[in-house]
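Note sheet for the following structure.
Within every chain, numbering begins at 1; the chains are lettered A, B, ... in the order of the sequence lines, protein sequences first and strands thereafter.
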2 protein chains.
Amino acid sequence: MSPRPKVGLDLATILETAGELADQYGMQEVTLANLAKKLMIRPPSLYNHFDGLPGLRKQLAIYAIERINEELANAAIGVSGTEAVIAISKAYVNFARKHPGIYEATLFAPDPEDEDVQRAGAKIVNLTIRVLKAFNLEGDYSLHAVRGFRSILHGFSSLEQRGGFKLSLDLDESLEIVMRAFLKGIAA
Amino acid sequence: MSPRPKVGLDLATILETAGELADQYGMQEVTLANLAKKLMIRPPSLYNHFDGLPGLRKQLAIYAIERINEELANAAIGVSGTEAVIAISKAYVNFARKHPGIYEATLFAPDPEDEDVQRAGAKIVNLTIRVLKAFNLEGDYSLHAVRGFRSILHGFSSLEQRGGFKLSLDLDESLEIVMRAFLKGIAA
DNA sequence: TTATTATAACTAATGATATTAGTTATAACA
DNA sequence: TGTTATAACTAATATCATTAGTTATAATAA
């Protein structure tokens, strides 16, 4: 009494394909019709794997957050203090650059308060908390700092992606200057 | 040879109505069908005022950016230096809280690189540059700082709106702490 | 080996949407 | 009073998500 008919898709494969679609054409093109076409099945068949378009967007948001988290965790290996923060920051914006659609998917969760989505996001928060521990911030101040760190990274990536930074001024330099300034101010 | 038949809508009224729709139900509910219903006309009639859904989203993005700019310019009156930056910051996040849909509309421009959209955004950039002048930052450093300032504000507002800050930790306090830290670090 | 069963695909149909083409009615002006 | 520009309209189409019900396959049980 087990499954495995015809094509034999699983959710992981579907999300990977949806991620490719997102990176190539943007999230607004991640429709059930386009996804089904790429998977060579019919749109209604997708309902066997997730709960309609909102379900896909939720799963894809979680998938995206987890991929970002992996990238950040990897960047944080073998470094500490300010250099760890800089390494994570670069990894973050580089992910958004390399995978604009997957990054965009993090913003398409139908309910960002959803428990599963929050749990995925909490991993990144925890990683950040651990890295900021080196700065010996006291009590709530450390949590305010985490909010600032996340705001800078998401704001920077989002604005960069949407053409918000028009000046011919090096983006990586901006990020590093901004992040070092923030850290200096937080630790002072 | 002038117009003015039947209802007599103009673009300003339409955008105001669309903004109300956005604030009440979110941008995904700002459809031509819903907008036409609220305006008591038929969907195709909207094509006399803008170029389809992409056109509406572009106009609404510009409208939103301009409303934010007004709010910020107002908040910057009669203050300077750090206090001006704090005042603008609070005005920014408060606008996003009071008008979540209109704020969201800034992200729905079909082409963020569009000339008209960029021109609207440039006003906010220029306002920021003027306020940061008080810090006597030299050369490009000032421009990097502007990028940081905007990243923090957009990132903070966006994350707050999407339920990214779950801890029972005062949000206004976070913003002020983060912004003061950034300014301290930038000016140091 | 054969029968059962769970399940992942399918077809068909529906409702909502944006959009286009072509029409009508109204208000300003000559 | 007649002309004209234009903002509304109706009708029709294509695309999409979604639901209901069906079919076919592959793993297990007999």
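For D:dC9, the OP1/OP2 oxygens have a side-chain nitrogen or oxygen of B:Ser45 closer than 4.0 Å. Within the 4.0 Å cut-off from OP1 or OP2 of C:dA9, at least one side-chain nitrogen or oxygen of A:His49 is found.
The ring pair (Phe, Tyr, Trp, His ring centres under 6.0 Å) contacts involving residues 168-188 of chain A comprise nothing, where partners must be two or more places apart or lie in separate chains. For residues 107-138 of chain B, there are no ring pair (Phe, Tyr, Trp, His ring centres under 6.0 Å) pairs, not counting sequence neighbours. Each side-chain hydrogen bond (donor to acceptor under 3.5 Å, both in side chains) pair with one or both residues in residues 94-113 of chain B, not counting sequence neighbours, appears once here: A:Lys166-B:Glu113, B:Asp23-B:His99, B:Tyr92-B:Tyr103, B:Asn94-B:Arg97, B:Arg97-B:Glu160, B:Arg97-B:Asp172, B:Tyr103-B:His154.
The nearest whole Å value for the distance from the CZ atom in B:Phe50 to the P atom in D:dA8 is 11 Å. Rounded to a whole Å, the CG atom of A:Asp10 is 14 Å from the C1' atom of C:dT7. Here the P atom of nucleotide D:dT6 and the CZ atom of B:Arg42 are 24 Å apart, to the nearest Å. If you take CG of A:Asn48 and P of C:dC10, they are 10 Å apart, rounded to a whole angstrom. In this structure, B:Leu46 atom CG and D:dT10 atom C1' are separated by 15 Å, rounded to whole Å. To the nearest angstrom, C1' of D:dC9 lies 16 Å from CE of B:Met40.
Contacts of A:Phe165 classified as ring pair (Phe, Tyr, Trp, His ring centres under 6.0 Å), with partners at least two apart in sequence or in another chain: A:Phe156. Residues meeting the side chain to side chain donor-acceptor pair (under 3.5 Å) test with B:Ser174, sequence neighbours left out: A:His144, A:Arg147.
For A:Ile41, counting side-chain heavy atoms from C-beta on, the closest listed nucleotide (D:dT10, C:dA9, D:dA8) is C:dA9.
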### Task
Using a 4.0 Å heavy-atom cut-off, write out nucleotides 13-23 of chain C from 5' to 3' as B (base contacted by protein), S (sugar-phosphate only) or - (no contact).
----SSBB---
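Put simply, OH on B:Tyr47 and CG on B:Leu56 are 10.0 Å apart, with the number rounded to the nearest 0.5 Å.
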